[in-house]
Amino acid sequence: MNTEALKKIGYGVYIICSRKDHEFNGQIANTVFQITSQPPTIAVSINKKNLTHDFIKASRVFTASVLCDETPLAFIGRFGFKSGRETNKLEGVHYKIGITGAPIVVDNAVSYLEAKVVQEMDVGTHTIFVGEVIDADVVSEKSCMTYDYYQQVKRGTTPVAAPSYVEPKKAEPRKEAPPGMAKYQCRICGYVYDPEQGDPDSGIKPGTPFEELPDNWLCPICGAAKTEFDRIG
Ligand code: FE
């Protein structure tokens, strides 16, 4: 079996939010899809370990914000590499309260959907929640982000935690990049710093060598320090 085939399935990138009483949480998901149009229903697959999972179980409602392709890595990182058990992920983020009482993230969103859970399926590590859409709107006419674009263009790598992760090849000494142009990879999340790209979201211009990044520069995805990076070529 060639599991590479699974990587050819196309996805988007979404923020799923829910509530438990008056507490809010949100997380990144790539598995939102429409099931039926009459009535409109959508499904989302959520890891049972995630706080958002507990919240959807409790409140039976969730919201999905469809992210645009200009969404900064750090914005995705705050919802994807941190747990709502340790930090309030919605602090400093623009959101509104929907008719379900759950938060709807509007920063970087092209559209959003609000759903009431009508069915769920236990699939081992995850639960698939099926929700009837009870409200929805388009926020902007920007292009939505595909998961493939996020992985290959925005991140430059597949996350370490992903099932499809492949250990990066260490460069042969003779093939090493010229001084200052070496790529470095975050040990925590797998993000690759490419000096040719820089990190424009954090004000780092293209052409900035890793060695010249300010000491207080942090991984744009998970917030790790420079010392958590390994040279990969
Ligand atoms: Fe990182």
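- Heavy atoms only, all atoms of each residue included: Ala225 and Leu218 are closest at CA-CD2, 4.0 Å.
- Pairs passing the salt bridge (Lys or Arg N to Asp or Glu O under 4.0 Å) check and including a residue from residues 10-27, sequence neighbours excluded, do not occur.
- Judged as a side-chain contact (heavy atoms from CB on, under 4.5 Å), and not counting sequence neighbours, the contacts of Pro209 are Glu211, Glu212.
- Looking at Thr100, its side chain does come within 3.5 Å of a backbone N or O of Ala102 through a donor-acceptor pair.
- The main-chain N or O of Val118 is never found under 3.5 Å from a side-chain atom of Glu132 such that the two would form a donor-acceptor pair.
- Salt-bridge annotation for Asp199 and Lys205: absent, with no side-chain N of the basic residue lying under 4.0 Å from a carboxylate O of the acidic one.
- A search for side-chain contact (heavy atoms from CB on, under 4.5 Å) contacts involving Asn88 returns Leu90, Glu91, not counting sequence neighbours.
- With values rounded to the nearest 0.5 angstrom, His94 atom NE2 is found 11.5 Å from Asn108 atom CG.
- Thr127 contributes atom OG1, which lies 5.0 Å from atom NZ of Lys48 (distance to the nearest 0.5 angstrom).
- Sorted by first and then second residue, the ring pair (Phe, Tyr, Trp, His ring centres under 6.0 Å) pairs with a member in residues 192-229 read Tyr184-Phe210, Tyr193-Phe210, Tyr193-Trp217, Phe210-Phe229, Trp217-Phe229; sequence neighbours excluded.
- Cluster membership check: Val110 does not share its hydrophobic cluster with Tyr112, using side-chain heavy-atom separations under 4.5 Å among Ile, Leu, Val, Met, Phe, Trp and Tyr.
- For residues 32-77, every residue pair satisfying the ring pair (Phe, Tyr, Trp, His ring centres under 6.0 Å) rule, not counting sequence neighbours, is listed here: His53-Phe129, Phe75-Phe79.
- In this structure the side chain of Val117 never reaches within 4.5 angstrom of the side chain of Val61, judged on heavy atoms.
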Please step through side-chain contact (heavy atoms from CB on, under 4.5 Å) for the pair Asp54 and Arg85, ending with a clear verdict.
CA-CA 11 Å; Asp54 297 353; Arg85 292 185 181 91; 3.4 Å; yes

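- Of the possible donor and acceptor atoms, one in the side chain of Gln185 sits under 3.5 Å from a partner among the backbone N and O of Gly190.
- In this structure, Ile97 and Ile104 have side chains that are not in contact, with every pair of non-hydrogen atoms separated by 4.5 Å or more.
- Side-chain N or O atoms of Ser37 include none that pairs as donor or acceptor with a backbone N or O of Pro40 at under 3.5 Å.
- A distance of 7.0 Å separates CD in Glu228 from SG in Cys186, rounded to the nearest 0.5 Å.
- A donor-acceptor contact shorter than 3.5 Å links the side chain of Lys89 to the backbone of Gly26.
- Legend: side-chain hydrogen bond (donor to acceptor under 3.5 Å, both in side chains) pairs involving residues 62-81, not counting sequence neighbours, sorted by first then second residue: Glu70-Lys142.
- Of the possible polar contacts, one joining the Lys226 side chain to the Leu213 backbone as a donor-acceptor pair under 3.5 Å is found.
- Using a 4.0 Å cut-off between charged nitrogen and carboxylate oxygen, Glu196 and Lys183 do not count as a salt-bridge pair.
- In this structure, CE in Met145 is found 6.5 Å from CG in Leu67, a value given to the nearest 0.5 Å.
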Just do the side-chain contact (heavy atoms from CB on, under 4.5 Å) check on Cys17 and Val105 with the steps written out, would you?
CA-CA 8 Å; Cys17 287; Val105 171; 3.8 Å; yes

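- Side chain of Thr41 to backbone of Gly131: no donor-acceptor contact under 3.5 angstrom is found.
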